[in-house]
Q: 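This structure is in structure tokens; I'll ask about it shortly.
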2 protein chains.
Amino acid sequence: MPLGERYGGDKSESRYCGIETEFDDDMPNLLSYNVHGGFDFVLATLMDPKYRPSLVDIDTSRSTALPFAGSDLVLSPSQWSSHVVGKISSWIDLDSEDEILRQDSEITLKQEIAWASHLSLQACILPTPKGSSCANYARCLNQILQNLGGMQLWLRIPMVKPEDGIEAGNPEYMREGDVDSWELWNSFRLLCEHHSQLSVAIDIWSSVPSAASVARWYGEPVRAAIINTNSFLTNAKGYPCLSKRHQRLITAFFDHSVQVVISGQPVHKVPVATSASNVDTQNEGGWRHPLKAYLDYVAFLYQKMDPLPEQERFELGYRDYLQSPLQPLMDNLEAQTYEIFEKDTVKYSQYQRAVAKALVDRVPDEDASRVTTVLMVVGAGRGPLVRASLQAAEETERKLKVYAVEKNPNAVVTLHSLVKLEGWEQTVTIISSDMRDWDAPEKADILVSELLGSFGDNELSPECLDGAQRFLKEDGISIPSSYTSFIQPVTACKLYNDIKSHKDLVHFETPYVVKLHRVARLANTQPVFTFTHPEHSDKPSNQRYKKLQFDIPEDTGATLIHGFAGYFDATLYKDVHLGIEPSTATPNMFSWFPIFFPLRAPVYVKPGTPLEVHFWRCCGSTKVWYEWSVTAPSASPLHNTNGRSYWVGL
Amino acid sequence: MPLGERYGGDKSESRYCGIETEFDDDMPNLLSYNVHGGFDFVLATLMDPKYRPSLVDIDTSRSTALPFAGSDLVLSPSQWSSHVVGKISSWIDLDSEDEILRQDSEITLKQEIAWASHLSLQACILPTPKGSSCANYARCLNQILQNLGGMQLWLRIPMVKPEDGIEAGNPEYMREGDVDSWELWNSFRLLCEHHSQLSVAIDIWSSVPSAASVARWYGEPVRAAIINTNSFLTNAKGYPCLSKRHQRLITAFFDHSVQVVISGQPVHKVPVATSASNVDTQNEGGWRHPLKAYLDYVAFLYQKMDPLPEQERFELGYRDYLQSPLQPLMDNLEAQTYEIFEKDTVKYSQYQRAVAKALVDRVPDEDASRVTTVLMVVGAGRGPLVRASLQAAEETERKLKVYAVEKNPNAVVTLHSLVKLEGWEQTVTIISSDMRDWDAPEKADILVSELLGSFGDNELSPECLDGAQRFLKEDGISIPSSYTSFIQPVTACKLYNDIKSHKDLVHFETPYVVKLHRVARLANTQPVFTFTHPEHSDKPSNQRYKKLQFDIPEDTGATLIHGFAGYFDATLYKDVHLGIEPSTATPNMFSWFPIFFPLRAPVYVKPGTPLEVHFWRCCGSTKVWYEWSVTAPSASPLHNTNGRSYWVGL
């Protein structure tokens, strides 16, 4: 029985809650007991924990079956696949010094996973690597992963990270074996090359590491969070509950589609008296699953989450989905695309505010009835900026003459009918031309454009506005007057794997527009390139080069950088801005998702080591492109040299 | 005029000596003056050093040519290409904070290299990156490298490495800017992805870093060593000479096909009196090139090098040439292959010594005339071990009965005629069979085999001898009685690039047999897998797993590991061994080159950081293969999972 449904339609995997069970060879009973008790699935040991291949007599082994928990026929295929996650024997230790144990472990692991595949289980959970080394475990698992079918393997990793040593600035203070468990996971998945069927089940202990350290996991493929009953506190009424820190963690995991599994023995004596709020969750006859109180608490956390804002709901289907950026200069947009973007009322009201301020600055109140301001909308599309400008004029009681310049002849058709419909014929002149070619009959006071991409200049706003600047008066105003791009390093396992699946260089050298979701943002953003309009310097160039150093907070621990999330912020006019840079983002605007610049090989960064990044904006005669690279902690290859993989056509 | 010819036929590039010159727009004169003076080529500045694109008036630029040193017609095409290495303007600084200088640098670099390409120069030398950052320089050069034609670019790097700080154990002691210049090169080539046309010209200063630090460069693509006249000392007679440390360095460079270039002003007052030894090198009229004494000294160093040993001479053509290991079990060897290996007299005399010792141990002198020892040569080929065994019997006056077992029917033909020719019919029985299938009529006292590959067990000696052990007496002797493989981490730019050129995964997961030459060996070898014969354990397995930690000497500095060199050492019998492990290698044996295990991505190792490596020998029902990985300083992917790229068939 799912935990509930989150208001707003987020029907994610995280609604399902599991329970970790002990070995039991009566699988039907085990399952019905726990499902009856309210859990959606069981984490069930598949093989008798006493089994060791080396103890089996070779002669008898030919006539006896392996000691699995029941045959495949004890449950229906759909019961196996929807309600059972296989738990691989926890004694397995593939990196033991003891060679017999190592060999037993390898044989058993292969037998159990073959059995789980035979049962068509959706996933198996693998025991935590013992000690700090995991190469042989990874080697064996990587062999298995090459021919696995559809099953997922969840490597069980406790969420522990020693803080003391680092806080004291003295790593030697750390006890041996007191390792950051993320490092273990990182080695494991690097050895297995980010295999898409290898993911993580996190064991949550009674203490939760720092927020920055925990946040690393949001970019990793975490499928389950296992909470032991020992990690629960007791509330005033004697019921189990979790600390604030644990609550925040679980809620964040719910947000990232992570399922919860409850583990351990009941350690709370829950009052027997049936309170009103518990009536519905209790079975007839008064029987309650011994862990029901823990399940109820988890369900309570799930249900009390804030509903998803409308915009997030609209964007659910786009989460972590890679899109190629638009090429609006080379390609004409489709009607549907205009349709969507015109609905972004927040954006156009910002434009209206900016135009209004510019009009007032340009024409004092006493001249308002006398002076007509010439405003040109360059890239008018189907007219939203024309409308915003006219509304600004009306609001400020300024006289306005508008030129609407648009290169897409299909949009020009719509513009003409709009002007007729609204009766703007006296005010608005439609120009069907590329702004870079148009020979304007007069000069403009105000140039309004919306040519910005997710990374600011990536849809060639600078080149277009340079072309249009010819017909702006010497003291004319450009709206936007400037824009800046920003980046930050991220862990983004999902995006990296999606790019890798193409098996080519081109996809690793292409920036993508993407609604970032399962991503860990590892440092604050930093500005990259700024463009200002109008540009009055004598040898103007739109080439740019920026070197950045990111200092990832030390309490994060080590990290793996899969690439850079990119954003922009634009100053439309004076204090009116517009943008998606997280710390200053304009609320409730949906026109832009962030951009993602991938790295061909993820970069491992130890705590306290700066990350040095270089971005170039390069311009050729027919195209503009970015190149990027990392030079510290160690040098990456240069990405997208000569724009070989990605460019924007002029 | 080349420096001379090394006795023994090593006609390498290093015979040619160049001179660095100042800018001169009379190129014909510049060239004839220096060639006349004894130099083979000039390092000549191509463009007027006063030129800066930003200072050129745009209007006049259209009517004037770029200020190159002469037109293409002043020298013949063959003069340009054989005697001139282009020197790119040394003021260029692509990582300057000054944007104008950066832009001027980029324009000029592109103009000069385009000009050098137009002249079909073989190489251009690029100025040393200024400061410790080089990303923009690398970005610009990487763009150029994508469309360069056949020209080589030599990045000029001084050979400097701060020692004090490291010796004192305190890196903070190092002054800023006091960087290990190898790091600069490493960043540069990682950014440019080991581009095969990007190589190094080393500037040798008056102090030479430690031997371990210098040795790193032997694995790098160093094309030229530039020695300034200031780095020369003065000998008793007033002539320039070099310190012992410099001499060793130059000789090692000569050995690695590096050319010397002399640079700077004459700073030695060489006695005018013509000594006898100088008569031949002096021109008529008594004119001597001002740097002739330096050239003479370099020629003297070249000529006094030890002649190449015969074996090295024989192996010249194999240097750094990657070969796939033999598959002697699956494939039959060709007559030519037998022919070559049978000539390895050192190897067979070691076998003879081993057999002789075994015979004496087995049969005391008093039984010598009575007891016949049964010896089986398994994998007899065309008979060299049969001969060595019979000679051992003769030498020790022991009676011997030999079975020669060979699976290759073509070799059996030769064996039969050998036995007839030598009159061995009474002593030797030839068995045309795979030793794993043969049903022997009696058991052997001694089993002799030569199934070892470069990595010991890589030609499946363990599997073959396991099969043959059935017909060895309980107390019988196997020759060899054991063997161990060894590895060490190496820098091997040339091998890495050759593997990379295949653009696939398979070549990066294949070990190669290769005569290692342009390779830097970064740590002592360590043993990997050992096999002992006969093997009496009750559950014998030929699977192996070894975890190794290499500590690269701290005074080496940072390094880049392209892979692992592999060797073996075998104990034939008691103290008689045979092998190629460098510290114990059997001299003058040529049957085995080392093996090379590549890494898919080179691993960067900072000083003082251990390198942790894992090797597995995996056995399936039809094949045996290795897997390998690195786990520290950071985890590599697992190589050759399931033997997907390389395996040896059973």
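The model shown is predicted, which means the values in this text are computed figures rather than measured ones. Values reported hereafter were calculated over all heavy atoms of this structure, with side chains retained and with hydrogens, waters and symmetry mates removed. By convention in this document, chain letters (A, B, ...) are assigned in the order of the sequence lines, proteins followed by strands, and residues within each chain are numbered from 1.
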Q: With a 4.0 Å cut-off, would you call Arg600(A) and Glu193(B) a salt bridge?
A: yes

Q: Select one option (side chain, backbone, both, neither) describing which atoms of Gln143(A) are under 4.5 Å from chain B's heavy atoms.
A: both

Q: Flag the one option from Ala558(A), Ala601(A), Pro637(A) with the top tally of heavy-atom pairs under 4.5 Å to chain B.
A: Pro637(A)

Q: Chain B heavy atoms under 4.5 Å from Arg102(A): which part of the residue, side chain, backbone, both or neither?
A: side chain

Q: Out of curiosity, Leu638(A) CG to Trp628(A) CH2, how far, rounded to the nearest 0.5 Å?
A: 10.5 Å

Q: Shorter than 4.5 Å, heavy atoms on both sides: which option in Trp616(A), Tyr545(A), Tyr604(A) has the most such pairs with chain B?
A: Trp616(A)

Q: Highest number of heavy-atom pairs under 4.5 Å with chain A: which of Cys618(B), Ser541(B), Ser187(B), Ala135(B)?
A: Ala135(B)

Q: Arg189(B) versus chain A, heavy atoms under 4.5 Å apart: side chain, backbone, both or neither?
A: neither

Q: Heavy-atom pairs under 4.5 Å with chain A: which of Gln103(B), Glu99(B), His639(B), His614(B) has the most?
A: His614(B)

Q: With a 4.0 Å cut-off on N to O distance, would you call Arg216(A) and Asp180(A) a salt bridge?
A: yes

Q: Determine, step by step, whether Tyr646(A) and Phe508(A) satisfy the ring pair (Phe, Tyr, Trp, His ring centres under 6.0 Å) criterion, reporting the C-alpha distance in whole Å, the side-chain angles of both residues, the deciding distance to 0.1 Å, and the verdict.
A: CA-CA 10 Å; Tyr646(A) 162 82; Phe508(A) 270 117; over 10 Å; no

Q: Establish, for the pair Arg544(B) and Tyr626(B), whether the NZ or CZ atom is under 6.0 angstrom from the six-membered ring centre and no further than 45 degrees off its axis.
A: no

Q: Heavy-atom distance under 4.5 Å to chain B: side chain of Cys134(A), backbone, both or neither?
A: neither

Q: Pick from Thr631(B), Leu191(B), Thr641(B), Leu190(B): which one has the most heavy-atom pairs with chain A under 4.5 Å?
A: Leu191(B)

Q: Would you confirm whether the ring centroid of Phe597(B) sits within less than 6.0 angstrom of the ring centroid of Phe615(B)?
A: yes

Q: State whether Glu106(B) and Lys110(B) are salt-bridged, where the test is any N-O pair (Lys NZ or Arg NE/NH1/NH2 against Asp/Glu carboxylate O) under 4.0 Å.
A: yes

